[in-house]
Every structure is written in C-alpha cells, then in structure tokens.
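The model shown is predicted, which means the values in this text are computed figures rather than measured ones.
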Amino acid sequence: MLHVILNEIRSCFRNGSTLFFSILFPSLCTFFLGTLLESIEVADSVVGELNIAYCIETSDYSADAFEEFILALDEEEVVSAEKITADELERAAEKYSAAVNLNGSEITIYNGTSAVQNRTIKALIDGYNQTAAAYMSVVETNPQALMGTELPEDNYVQPHDFGRTRTMMDYYAVAMTVVIVFFGSCIAGASAYSDEYANSTILRLNSAPISKTAVYFGKILGYLPLVLVQVGTVMVASTLFFGAHYCNDLGGNLMLFTMFVCSSLALLAVGVLLNLLFEKMQPWAVLMPLLWVMLFFSGVFQKDIEIKGVSDYFPSRIILDAAFDLTVFSRNGKALNVTVWSIIIFAALIILGCIKVNSRRKNT
C-alpha cells in the first residue's frame, strides 16, 4: 500500500498540467483579476445618504410600531424618512432611495436605482421583521416576560469597523482558492483510474499482491499531499506576494484552511467515484466545462453574475459564501457547517467507492 501511495504522489507532482491548473493558474488569476478589476469592481461600497419614503395603510398596533421604528432611524440620522400617501408610492423610488409600504402585516419595498442602497434598506427592514417576530413569539408564549422591560438608551444602529478596507485582491484570493478546490481536487480524483487505463497499467495493478481495497485507499492517500500543497500554496502566495488578506487572525485562517482542505477531500472523493462508475470518462473533457459553468454562475469570477433561485444551491456558491462570512465578518458558523458536511460526504463516498472497487470483476 505504501508503494501505491508513493507512486500516486510522484505521479501528481510530475504531471505538468496538474501542477499548472492546481497551483500556478489560480495564483496567477488572483493577481491578474485582483489587479485589473480593482478599478472596475468595488470591494467595499459606500452606502451614502438614504432617503426613505414610507406609507402606512393600516391602523393597528403594528402600524405604530413600524412608524416608531422608521422615525427612530430618522432621529438617529441613519436615514432621512418622509411619510407619503399610497398614491405616491409608484413614483416614490424616482425621488427617494426607496419606498416602504406597510399594509396589514405585509411590508413592501419599492427599490430605487442604487443596488447598494437597496440591499441596505432591505437589511434594515429584515432586522425590523426579525425583531417583530421575536416580540410576537414572546407575547404568545410568555407575555409576563415583557412587563417592566425598558428600551436601551443606546443608539438603534451603531457603526462597526471590520478592521480592514477590503480590496478586489482579497476577493479573488478567496475566489481562486475555491477554484482550486474544484478544479484541482475533482479532476485529479476523476483521473485516479483513467490514467491506469490510458497507460495500460490496470492489468499490472490488479495483479499486484495486494488487495483492491489497499490499492484504492493508497490512491486516495496519495492525493492528500497535493490537496494540502495546492490550497496552502494559493493562500500563501496570495498573502505574501500579492498583498491579499483572508481572515483577521490566525485562528480564522486555520479554520478557513481546514474548510478548504475538507472541501477538497470531498470533491476528490466525488471525482474518484465518478471515475469508478464511468471508466472511460475523460475528466478534462467532461468535468472541466461543467465546473466552469457552475463556478461562473456562482459569482467566483464576477460577484454579480448568478442565476437567481439556482446559484445559491451550487456547492461552489455555498463554499464561497462560507469563506466570505469567515473572512469579512469573522463568523465561523457557515465554515464549520461546510467542514462537517464535507467530512461526511468524503466518508460516505469513500465507502461507496470501496464497495464499487470490490464489486468489479478482476480484469484479465
């Protein structure tokens, strides 16, 4: 088994195309995209002044709570609010950043022309909705808990400094690491046995005095150094040579590295299983176009390109969102979920692959 592991390690690091697309290509893309698009894209956006028109078409207690919320934002100078009538709603977005309408329990936002301001206003309204939902939950379950509760005298909205102004180099450092996770690992795994067929070494491999299970796990373990090197190289090169930043502390960077490595292992197992199921599959010809399309519509190469209602379910988008949640906001919840699920998927697919290897008749 050790011989198989060493042979796979040598094969990985002797393959020029594997090294290029696994290590050099993502590093170069980080530099060129981060440099060339810095003047076009904006990593951190200035929201600017928010002028909100609001309309209330109900008269119950929720109307009072909602108006109090809007006026509080106005008083704290978070927004500049003006009350309008229902007839003015349709054209309000031409004059204001956005318009908000409360009708019963339904809140409708009429977006303006600025995408950044639209997202900001949506975030404010989402915050109100979550607070209102929590309040109603307490009222329904334990109304006595609200007795004597006083609102804090602190501001409703407080600015938070993330500690660093983000650049497009930071964006593409994360994005290109996601690229290497998919291209390097998935395609490498899908070549595990296809190379044996292409080089006519499968007969010698099957006749070796070790079990098929030992050969299978030897191949898997032989790819582990490549996974560690490709993720580590892109992250280190982006940081040292291109001035990119990932997380703000060592713990966050270790968590990010662990998530990328575990994701790579899961995709490696996907590639190996596909290779076992489709022995004659050409991984570069079949997987490359599929991965390019998925990555392209996940916002990896351009953050605003997506398929609404579809892109959010792409594995590449899930990993990308988890990485940005960790690097920008220092929240590790999504990264931890991706890591755990990657380990589960890796283990499950490895077991399926082992079953598949042992179910095949010995080639003669």
Worksheet item: Under the 3.5 angstrom rule, does the side chain of N101 hit a backbone N or O of T108 as a donor-acceptor pair?
Response: no
Worksheet item: Roughly how far, to the nearest 0.5 Å, is the CZ atom of F183 from the CG atom of L295?
Response: 5.0 Å
Worksheet entry | L228-V338 co-clustered via ILVMFWY side chain contacts under 4.5 Å | yes
Discussion item. Which heavy atom of G243 sits nearest to which heavy atom of D170, and what is that distance?
Written reply: O-OD1, 4.3 Å
Worksheet item: Which residues pass the side-chain contact (heavy atoms from CB on, under 4.5 Å) test with V293, sequence neighbours left out?
Response: F297
Discussion item. In this structure, would I220 and I343 fall into the same cluster of hydrophobic residues linked by side-chain contacts under 4.5 Å?
Written reply: no
Fill in: Atom pair CG (L102) and CD1 (I125), whose distance is rounded to the nearest 0.5 Å
9.5 Å
Fill in: Qualifying residue, where the test is side-chain contact (heavy atoms from CB on, under 4.5 Å) with V234 and the options are V174, T239, T177
T177
Worksheet item: Who pairs with L265 by side-chain contact (heavy atoms from CB on, under 4.5 Å), at least two apart in sequence or on another chain?
Response: L224, V227, V261, L268, F346
Discussion item. Run the side-chain contact (heavy atoms from CB on, under 4.5 Å) test against L349 and tell me which residues pass, sequence neighbours left out.
Written reply: A269, V270, L273, I345, L352
Practice prompt. Could you tell me whether a side-chain N or O of S97 sits under 3.5 Å from a main-chain N or O of N51, the two making a donor and an acceptor?
Written response: yes
Fill in: Single-linkage hydrophobic cluster L254~V181, side-chain heavy atoms < 4.5 angstrom
no
Worksheet item: Considering only heavy atoms from C-beta outward, does the side chain of V100 approach that of I70 to under 4.5 Å?
Response: no
Practice prompt. Check the hydrophobic clustering (I, L, V, M, F, W, Y; side-chain heavy atoms under 4.5 Å; chains of links allowed) and say if W292 and I307 are grouped together.
Written response: yes
Worksheet item: When rounded to the nearest 0.5 angstrom, what distance separates OG in S316 from CG in D321?
Response: 9.5 Å
Worksheet item: Could you give the distance from CD1 (I355) to CD1 (I350), rounded to the nearest 0.5 Å?
Response: 11.5 Å
Item to complete: Please answer whether the main-chain N or O of K356 pairs with a side-chain N or O of Y216 as donor and acceptor at a distance below 3.5 Å.
Response: no
Discussion item. Would L326 and M259 count as a side-chain contact (heavy atoms from CB on, under 4.5 Å) here? Give the steps.
Written reply: CA-CA 11 Å; L326 181 59; M259 183 192 73; 5.9 Å; no
Response to the item:
In terms of heavy-atom contacts, S342 and A266 come closest through O-CB, 3.6 Å
Worksheet item: Which atom pair, heavy atoms only, marks the closest approach of M294 to P315?
Response: SD-CD, 3.8 Å
Worksheet item: What are the two closest non-hydrogen atoms of A86 and E57, and how far apart are they?
Response: CB-OE1, 3.6 Å
Fill in: Residues V178, F260; criterion side-chain contact (heavy atoms from CB on, under 4.5 Å); working and verdict
CA-CA 7 Å; V178 174; F260 282 139; 3.9 Å; yes
Response to the item:
In short, Y96 meets I84 closest at the heavy-atom pair OH-CG2, 4.2 Å
Fill in: All pairs passing salt bridge (Lys or Arg N to Asp or Glu O under 4.0 Å) where residues 332-345 contributes a residue, at least two apart
none
Worksheet item: Quick one: does N358's side chain have a donor or acceptor within less than 3.5 Å of a partner on C354's backbone?
Response: yes
Practice prompt. Could you tell me which residues satisfy side-chain contact (heavy atoms from CB on, under 4.5 Å) with E67, sequence neighbours excluded, listed by chain and number?
Written response: Y54, I56, L71, K83
Practice prompt. Drop me the distance from W341's CH2 to C262's SG, to the nearest 0.5 angstrom.
Written response: 14.5 Å
Discussion item. Assess the residue pair V300 and M176 against the criterion (side-chain contact (heavy atoms from CB on, under 4.5 Å)); give the C-alpha distance rounded to whole Å, side-chain angles, the decisive distance to 0.1 Å, and a yes or no.
Written reply: CA-CA 7 Å; V300 170; M176 291 304 109; 4.1 Å; yes
Worksheet, complete the sentence: By salt bridge (charged side-chain N to carboxylate O under 4.0 Å, His left out), K95 pairs with (sequence neighbours left out) none
Worksheet item: To the nearest 0.5 Å, what is the distance between CD1 (I52) and OG (S80)?
Response: 9.0 Å
Worksheet item: Side chains of I187 and L291: does their closest heavy-atom pair fall under 4.5 Å?
Response: yes
Worksheet item: Checking D249 side chain against G252 main chain: does a donor-acceptor pair fall under 3.5 Å?
Response: yes
Worksheet item: In the single-linkage hydrophobic clustering (I, L, V, M, F, W, Y; side-chain heavy atoms under 4.5 Å), do L277 and L267 co-cluster?
Response: yes
Worksheet entry | Donor-acceptor contact present, side-chain Y246 to main-chain L256, <3.5 Å | no
Practice prompt. Applying side-chain contact (heavy atoms from CB on, under 4.5 Å), run through H245 and T327 and close with a yes or a no.
Written response: CA-CA 8 Å; H245 298 91; T327 56; over 6 Å; no
Discussion item. Using every non-hydrogen atom in the two residues, find where G222 and P225 come nearest and quote the distance to one decimal.
Written reply: O-CD, 3.4 Å
